[in-house]
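Below: one structure, written as structure tokens.
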Amino acid sequence: MSFNDRVYEIVRQIPEGKVLSYGQVACMAGSWRASRAVGYALHRNPYQGKVPCHRVVFQDGRLAKGFVFGGSGVQRQLLEAEGVRFTDEGCVDMGKCRWNP
DNA sequence: CGTCTGACACTTA
DNA sequence: TTAAGTGCCAGAC
């Protein structure tokens with residue numbers, strides 16, 4: 001079990017309508033500073049389709065600039081379809097949609 | 001094996 | 001408040 005696998009397992013457990021920040025995932029994985037590693041792990045995303053990487057956003061609730069799996073616009077569409085609230089600024093309502101068990 | 005880069009987060013100026 | 005700098009982990013060269 002590596003840090004990378006831990007990240008996948010955590011992201012995969014995110015319920016619909018909820019999102020997580022890179023820092024949050026990194027903290028659950030063991031190191032809150034490994035936010036970069038989290039982003040890179042999702043970038044490779046070997047479990048694409050099983051791991052909802054679109055539910056992982058910035059700490060502010062904003063989406064990545066140049067996403068790889070289809071574009072940030074697609075990510076917003078996916079999140080909206082799951083019930084995630086978006087502001088006019090294109091940010092997710094972390095106050096209500098942040099998955100915090 | 002050493003070095004650089006990258007879907008970030010946090011601190012300080 | 002905004003901007004810049006620093007630190008972390010994993011992968012690629």
Side-chain angles (χ1 to χ4, degrees):
Chain A
M1 182 66 78
S2 301
F3 180 88
N4 199 294
D5 296 325
R6 185 64 62 92
V7 173
Y8 295 134
E9 193 170 340
I10 293 167
V11 177
R12 192 178 56 172
Q13 291 173 32
I14 302 176
E16 295 181 359
K18 298 287 180 183
V19 295
L20 267 179
S21 62
Y22 290 94
Q24 195 76 43
V25 175
C27 187
M28 290 176 174
S31 302
W32 62 272
R33 304 171 238 222
S35 44
R36 296 195 81 136
V38 175
Y40 203 69
L42 295 174
H43 177 208
R44 299 193 321 119
N45 198 5
Y47 304 98
Q48 195 167 9
K50 298 175 185 171
V51 179
C53 33
H54 57 267
R55 286 180 194 155
V56 184
V57 297
F58 278 67
Q59 183 68 56
D60 297 339
R62 201 130 59 191
L63 306 179
K65 188 164 71 138
F67 239 67
V68 188
F69 64 85
S72 51
V74 177
Q75 186 180 16
R76 179 173 164 175
Q77 296 285 321
L78 291 168
L79 292 172
E80 281 186 321
E82 294 184 354
V84 178
R85 282 172 167 234
F86 267 83
T87 65
D88 293 343
E89 298 175 345
C91 301
V92 180
D93 191 343
M94 298 301 279
K96 293 182 170 85
C97 297
R98 187 178 60 166
W99 186 48
N100 194 350

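If you're wondering where the values come from, they're calculated on a predicted model, not measured in any experiment. Labels below follow one simple rule: chain letters A, B, ... track the order of the sequence lines, proteins then strands, and each chain is numbered from 1.
Here B:dT5 presents its C1' atom at 7 Å from OH of A:Y40, a figure rounded to the nearest Å. Atom NE2 in A:H43 sits about 10 Å away from atom P in C:dA12, given to the nearest Å. In this structure, A:N4 places its CG atom 16 Å from P of B:dC8, rounding to the nearest Å.
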Please write out each protein N/O paired with an N/O of nucleotides 9-13 of chain B under 3.5 Å, distance rounded to 0.1 Å.
| residue | atom | partner | partner atom | Å |
| --- | --- | --- | --- | --- |
| B:dA9 | OP1 | A:Q59 | N | 3.0 |
| B:dA9 | O4' | A:S35 | OG | 3.4 |

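Every residue meeting the side-chain contact (heavy atoms from CB on, under 4.5 Å) condition with A:S35, not counting sequence neighbours, appears here in chain and number order: A:Y22. Judged as a side-chain contact (heavy atoms from CB on, under 4.5 Å), and not counting sequence neighbours, A:R36 has no contacts. A:R62 meets the side-chain contact (heavy atoms from CB on, under 4.5 Å) test with A:F58, A:C91; sequence neighbours excluded. With sequence neighbours left out, A:F86 forms a ring-ring contact (aromatic ring centres under 6.0 Å, His included) with no residue at all.
Residue pairs meeting the side chain to side chain donor-acceptor pair (under 3.5 Å) criterion with at least one partner in residues 83-99 of chain A, sequence neighbours excluded, are absent.
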